[in-house]
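Read the numbers this way: they start at 1 and go in the same order the structure lists the ligands and their atoms. In this text the structure is predicted, and so the values were computed from the model without any measurement.
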Amino acid sequence: MKSSPWWKEATIYQIYPRSFFDSNGDGEGDLPGVTSKLEYVKSLGVDAIWLSPFYTSPNKDGGYDVADPRDVDPRFGNLADAKKMIDVAHSLDLRVLVDVVPNHFSDQHVWFQEALRAGRGSAERSRFHFYDANPDGTLPNNWISLFGGPSWTQVADGQFYLHLFDSSQPDLNWESPDVAADFETTLRFWLDLGVDGFRIDVAHGLVKEDVLKDHPDPQGLSDALRLDMPMDPEKRYALLPTVPFFDRQGVHEIYRKWRSLFDSYGDRDVMAVAEAWVHPPVNATRYVRPDELHQVFNFDLLDASFNSEHLYDVMSRSIELMKSVNTLPTWALSNHDSPRVASRVGEQQSRALALFVFGLPGSTYIYAGQELGLPDGVIPDESRQDPIYLRTQGLQKGRDGARVPLPWNGDKAPFGFTSGTPWLPMQDSWKELTVEKQLAEPKSSLNLYRNALNLRAEHLVNNVEIEWLESPLHGSKNPSLLAYRRGNVSVYMNLGESLVEVEVTGKVLIVSAGTPDGRDGKITIPAISTMWVQH
Ligand code: GLC
Ligand code: CA
């Protein structure tokens, strides 16, 4: 049974268009390619797709450097292709979310080009953050870019502009009324073309405070913001709330305005989800107040270890936090910015985790390829494209591994993704992981996802209340067991290497690995697996 509104307990499939399916042999995925595979997407049992940017862009940061937010980049097709994709999705009863990137534009956007020409003090420059160097010649402030290196770049007349990300991504100044007005035009543009909502990129970054003030520990702050950087948790949690460019109160004013714009579309049920990494975690709840956005990403599982104590901790906390504002959490195990879950925790572990997460209340985001159990691609350094790799002189490898194109069919790379040369190298070792192979194998990861998503819709959605049955922090004697019950389904995850016997009566609906065995009110749960039991 579908819950209402549609996004409340949705499963949303994230498509990275460049890596999904190439329709014209140039080695890069495109919108007609997406459209041609929507039936596949539908067959997974998801409710919606979210597409990473396909707008006009020099593509220095995978399209998150937008040069025209109201047009399609030729590498992906054109506006008619976008319209067709939306219409075909709707005909399959799939909603469509698109990305909106309000923190920055590309330096190729006409506004930035005008700002360069107009010179210091001009209205054109006031749409960005342009400043002179300090009298002693130092940069306007000491902030470090999230992609490494200084967050300021100098232009020909000597002024500097702020960029939290790549130097090709000048930050917008949200104090300029032009900026707010332009984004409202963009939101309407895509809504009028038919989309059902937005994923808001760097939603917590739009408003900056004290742009000319140095941070006392810029390197510490930069390290704290990088999840791959080991750091004493106490130090990290002390530094994170001091970020002068994230999670300032002013952002909420912007989202209240956006919300009334969304609501003006009435029964279209427009929704928006914020990408907001904020600290402390309770701050995330502010983005989903009743007059703001509908969902906020929860990144806890993207780097969570496969450990029952830790998982219980982050899962129960997210549920409780969102309950405090009368809403449900979101879950994601992978996205285009982080290592794929199968590589991070292991293949069998990632299946168990996915099946466990699919039972939880709230919406689940699935990153294309996750359903195939894809690992990260192996990328030779000379093929890397991520600005993180380039700006840190190779110190950080960047995110290309998670962006390798999808293997569709055949026995050799590029596995039907393209008739040309794929934009990132694909591995022949993926030959057992293609969609074609997995469709034919009942125990494949793909079929696990399909079955699980159907069972989820049938048995779990709408039973919001969850009762924890087993956890190391919660009365269980078995440190490798986690379990909860929702309605008449109990979900058990055995994180350990040996099977576990639990006392439960009911019918096994699905298991992520091995074969369950049950008699006399007891069921054994195979090692490293999740099982759903219907009572
Ligand atoms: C978001 C995107 C990421 C991009 C960054 C800058 O975090 O998910 O891919 O690089 O914003 O736009
Ligand atoms: Ca193409």
Side-chain angles (χ1 to χ4, degrees), residues 14-37 50-55 57-67 69 72-78 81 85 97-107 109 145-148 151 162-172 198-206 225-227 245-246 273-278 296-297 299 302 332 334-339 365 367 385-392 396 398-403 405-406 408 414 416-424:
Q14 180 193 357
I15 292 178
Y16 196 71
R18 203 178 175 198
S19 299
F20 200 61
F21 186 71
D22 175 21
S23 73
N24 62 354
D26 64 1
E28 299 186 73
D30 43 53
L31 295 183
V34 172
T35 306
S36 71
K37 294 292 185 189
W50 147 38
L51 292 108
S52 283
F54 47 80
Y55 317 119
S57 166
N59 199 34
K60 293 271 175 57
D61 180 25
Y64 283 95
D65 48 322
V66 179
V72 173
D73 194 275
R75 77 175 69 229
F76 294 116
N78 56 36
D81 295 326
M85 175 193 68
L97 306 183
V98 295
D99 235 290
V100 55
V101 190
N103 182 67
H104 44 264
F105 274 157
S106 157
D107 60 357
H109 189 286
S145 152
L146 279 103
F147 286 173
S151 58
L162 176 73
H163 52 88
L164 293 185
F165 296 93
D166 188 51
S167 56
S168 67
Q169 294 166 296
D171 277 51
L172 286 158
F198 302 93
R199 176 266 191 187
I200 304 170
D201 189 64
V202 199
H204 55 316
L206 279 44
L225 286 163
R226 276 180 48 192
L227 293 180
F245 42 79
F246 282 160
V273 53
E275 184 208 24
W277 303 75
V278 293
V296 56
F297 280 145
F299 299 105
L302 288 177
S334 287
N335 66 23
H336 66 294
D337 289 330
S338 40
Y365 287 77
Y367 178 46
Q385 310 219 3
D386 189 344
I388 292 186
Y389 176 75
L390 305 170
R391 283 184 65 85
T392 61
Q396 292 178 55
R399 303 160 293 181
D400 294 315
R403 299 176 179 179
L406 259 55
W408 292 95
F417 162 73
T418 178
S419 57
T421 307
W423 70 279
L424 280 176

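Residues with a heavy atom under 4.0 Å from ligand 1: D61, Y64, H104, F147, F165, Q169, R199, D201, V202, E275, H336, D337, R399, R403.
Take F245 and apply the ring pair (Phe, Tyr, Trp, His ring centres under 6.0 Å) test, not counting sequence neighbours, and it matches W143. Taking the salt bridge (Lys or Arg N to Asp or Glu O under 4.0 Å) definition, one finds that R18 meets it with E28, sequence neighbours left out.
A donor-acceptor contact shorter than 3.5 Å is absent between the side chain of S106 and the backbone of Q169. A donor-acceptor contact shorter than 3.5 Å is absent between the side chain of Y365 and the backbone of W50.
Aromatic pair F299/W277: centroids less than 6.0 angstrom apart. For an aromatic pair to be called close, the ring centres must be under 6.0 Å apart, and F20 with W408 satisfies this.
For the Ca ion (ligand 2), the nearby protein N/O/S atoms, meaning those under 3.0 Å, are D22 OD1, N24 OD1, D26 OD1, E28 O, D30 OD2.
One finds a salt bridge joining R403 and D337 here, because a Lys/Arg side-chain nitrogen approaches an Asp/Glu carboxylate oxygen to under 4.0 Å.
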Give the intermediate values and the outcome of salt bridge (charged side-chain N to carboxylate O under 4.0 Å, His left out) for residues D61 and R399.
-> CA-CA 10 Å; D61 180 25; R399 303 160 293 181; 3.0 Å; yes
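No donor-acceptor contact under 3.5 angstrom links the side chains of Y64 and S57, judged on distance only.
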